[in-house]
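All chains are named by letter (A, B, ...) in the order of the sequence lines, taking the proteins before the strands, and each is independently numbered beginning at 1. Basis for what follows: all heavy atoms, side chains included, without hydrogens, waters or symmetry-related copies.
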Number of protein chains: 2
Amino acid sequence: MPPMSQSRPYHHGDLRSALLASAERTLREKGAAALSLRELARDIGVSHAAPGRHFKDKQALLDALALGGYDRLNRALVAADLPDAPLEPRLTGLARAYLTFAVDNPELLELMFARKHAPDIDTQLADAADLSLGSFVRLTAEAQRRGEIVEGDPEHLTLAAAAGIHGLASLIAADALPADEALAGLDDYVHLLLHGLKPR
Amino acid sequence: MPPMSQSRPYHHGDLRSALLASAERTLREKGAAALSLRELARDIGVSHAAPGRHFKDKQALLDALALGGYDRLNRALVAADLPDAPLEPRLTGLARAYLTFAVDNPELLELMFARKHAPDIDTQLADAADLSLGSFVRLTAEAQRRGEIVEGDPEHLTLAAAAGIHGLASLIAADALPADEALAGLDDYVHLLLHGLKPR
DNA sequence: ACCTGAACACCGTTCAAGT
DNA sequence: ACCTGAACACCGTTCAAGT
């Protein structure tokens with residue numbers, strides 16, 4: 001621990017983490033548009049130029065937030081995956097974890113999927129997104145191996161399983177779909193995904 | 001036609017439309033973040049305070065753009081709907097129209113689904129979104145009446161049919177999914193939606 | 001290595017005044 | 001009714017200088 005002086009210490013100690021934490025709080029409470037580097041600096045008690053030491057510009061901070069979001073989403077999906085469960089509850093579990101993340105972090109999810117990033121960070125974000133998709137890839141691959149889902153290009157099937165869930169998450173994050181309603185109808189939704197809209 | 005003076009005429013004539021047109025061009029070319037009222041005014045050749053006459057603030061201009069987007073999306077969906085076609089090609093047609101809109105207007109679609117609008121405009125946007133959903137509502141209602149899709153809450157079924165398509169559109173708009181790939185696989189996707197991931 | 005303070009070039013918004 | 005010009009309070013970013 002660095003010694004704390006009565007007034008503002010010259011070194012913050014861990015300004016980078018403090019900026020990210022404060023930025024995410026602002027994101028959650030007031031939205032991405034209200035995020036100002038100068039205000040963050042004021043809140044933390046540091047000069048307005050200090051953030052520039054840790055993030056080359058505002059976008060770099062947003063990129064870091066987005067990467068952190070993927071990190072947590074990945075962990076949530078991996079934790080929610082039950083590899084030994086039957087297909088339908090297993091897919092429902094993954095879907096529920098994704099929707100729960102959307103409910104808890106709507107603005108962050110929007111940021112994670114906003115394509116305004118620099119080319120180099122874009123590949124990092126794409127890798128992180130692929131990691132999140134990984135849980136769904138594994139599920140479809142194993143289900144296909146067991147003959148529990150139809151034959152065909154595994155990528156197509158993964159997308160078919162995940163696109164709807166992403167759509168629901170995106171609608172929740174956009175406030176276009178009440179979260180409780182989406183979560184309540186999730187079992188039925190996954191059932192339809194597996195069994196189809198046409199009567200059997 | 002108002003008389004054109006050699007230099008800037010005092011009245012623009014139709015500044016509101018000019019602002020919207022220029023804003024949408026900027027949105028398309030440089031993204032929403034790069035949109036500045038002062039720059040729009042400069043481009044059009046009007047004082048920086050002039051936009052304030054037509055849009056109470058920047059958000060009001062973005063709201064107008066979003067509403068215009070829904071207008072065009074609605075028309076595209078209605079035009080693409082073939083009420084007498086069999087279920088699967090009919091749904092494919094609607095889906096193709098939606099994805100095409102996403103390909104052609106990625107930033108606008110993002111704006112249409114961004115929930116940063118004032119409460120009163122939010123209901124307008126929600127109404128516009130419901131209108132877009134209307135094509136899917138009619139499709140599922142009629143299909144259900146004919147016994148071509150399973151029984152159940154029509155709202156749930158509409159959502160089940162539309163969520164995946166919205167998810168694909170959102171992934172396209174976010175550059176997370178190559179547009180040509182999504183459009184090429186669309187027939188298969190709709191087939192899976194109707195027939196399910198499980199083998200029959 | 002990390003931060004400050006001043007400086008620069010931008011913003012959005014408001015408002016008296018002009019036409 | 002519609003627009004201007006000045007003014008105000010903010011931004012993000014840079015950079016010499018401080019510790």
Quiz prompt | For atom NZ of A/K56 and atom C1' of D/dG12, their distance in whole Å | solution = 12 Å
Quiz item: Considering only side-chain heavy atoms of B/A50, which listed nucleotide, D/dC3, C/dT4, C/dT13, is closest?
Solution: D/dC3
Self-check item: Under-4.0 Å salt bridge between A/R90 and A/E142
Solution: yes
Self-check item: Within residues 166-184 of chain A or reaching into it, pairs that qualify as side-chain hydrogen bond (donor to acceptor under 3.5 Å, both in side chains) - sequence neighbours excluded
Solution: A/Y98-A/H166, A/H166-B/S170, A/S170-B/H166
Quiz item: Between B/L15 and B/R38, which is nearer to the 5' end of DNA chain D once each is assigned its nearest nucleotide?
Solution: B/L15
Self-check item: Base partner of D/dA17, which must satisfy Watson-Crick or wobble distances under 3.5 Å
Solution: none
Quiz item: Going by distance alone, is a donor N or O of one side chain under 3.5 Å from an acceptor N or O of the other, for A/S132 and A/N74?
Solution: yes
Practice problem: Identify whether any heavy atom of B/R16 sits under 4.0 Å from a base atom; if not, whether one sits that close to sugar-phosphate; answer base, sugar-phosphate or nothing. | Solution: nothing
Quiz item: For the side chain of B/R53 and the base of D/dT4, is some donor closer than 3.5 Å to an acceptor across the two?
Solution: no
Quiz item: Is any NZ, NE, NH1 or NH2 atom of the basic residue among A/E24 and A/R72 found under 4.0 Å from an Asp or Glu carboxylate oxygen of the other?
Solution: yes
Practice problem: Grab the CG-C1' distance between B/L35 and C/dC10 for me, whole Å please. | Solution: 15 Å
Self-check item: Most 5' of B/H54 and A/L37 on DNA chain D, judged by nearest nucleotide
Solution: B/H54
Quiz item: Which listed nucleotide (D/dT14, D/dC3, C/dT13) is nearest to the side chain of B/S47?
Solution: D/dC3
Quiz prompt | Partner nucleotide of D/dG12 by Watson-Crick or wobble geometry (both distances under 3.5 Å) | solution = C/dC8
Quiz item: Roughly how many Å is it from CD in B/E39 to P in C/dA9, rounded to a whole number?
Solution: 17 Å
Quiz item: How long is the line joining CG of B/D14 and C1' of D/dA1, in whole Å?
Solution: 14 Å
Practice problem: Could you state the atom-to-atom distance from CD1 of B/I44 to P of D/dT4 in whole Å? | Solution: 11 Å
Quiz item: How many Å lie between CG on B/L19 and C1' on D/dC2, as a whole number?
Solution: 13 Å
Practice problem: Kindly say whether B/G196 contributes a backbone atom to a donor-acceptor pair with the side chain of A/K198 at under 3.5 angstrom? | Solution: no
Exercise. State whether the distance check finds a donor on one side and an acceptor on the other, under 3.5 Å, for side chain A/H48 versus base C/dA6.
Key: yes
Exercise. In whole angstrom, give the distance that lies between atom CZ of A/R42 and atom C1' of C/dT4.
Key: 16 Å
Quiz item: Roughly how many Å is it from NZ in A/K58 to P in C/dC10, rounded to a whole number?
Solution: 18 Å
Quiz item: Hey, is the side chain of B/S36 poking within less than 4.0 Å of OP1 or OP2 on C/dC11, counting only N and O atoms?
Solution: yes
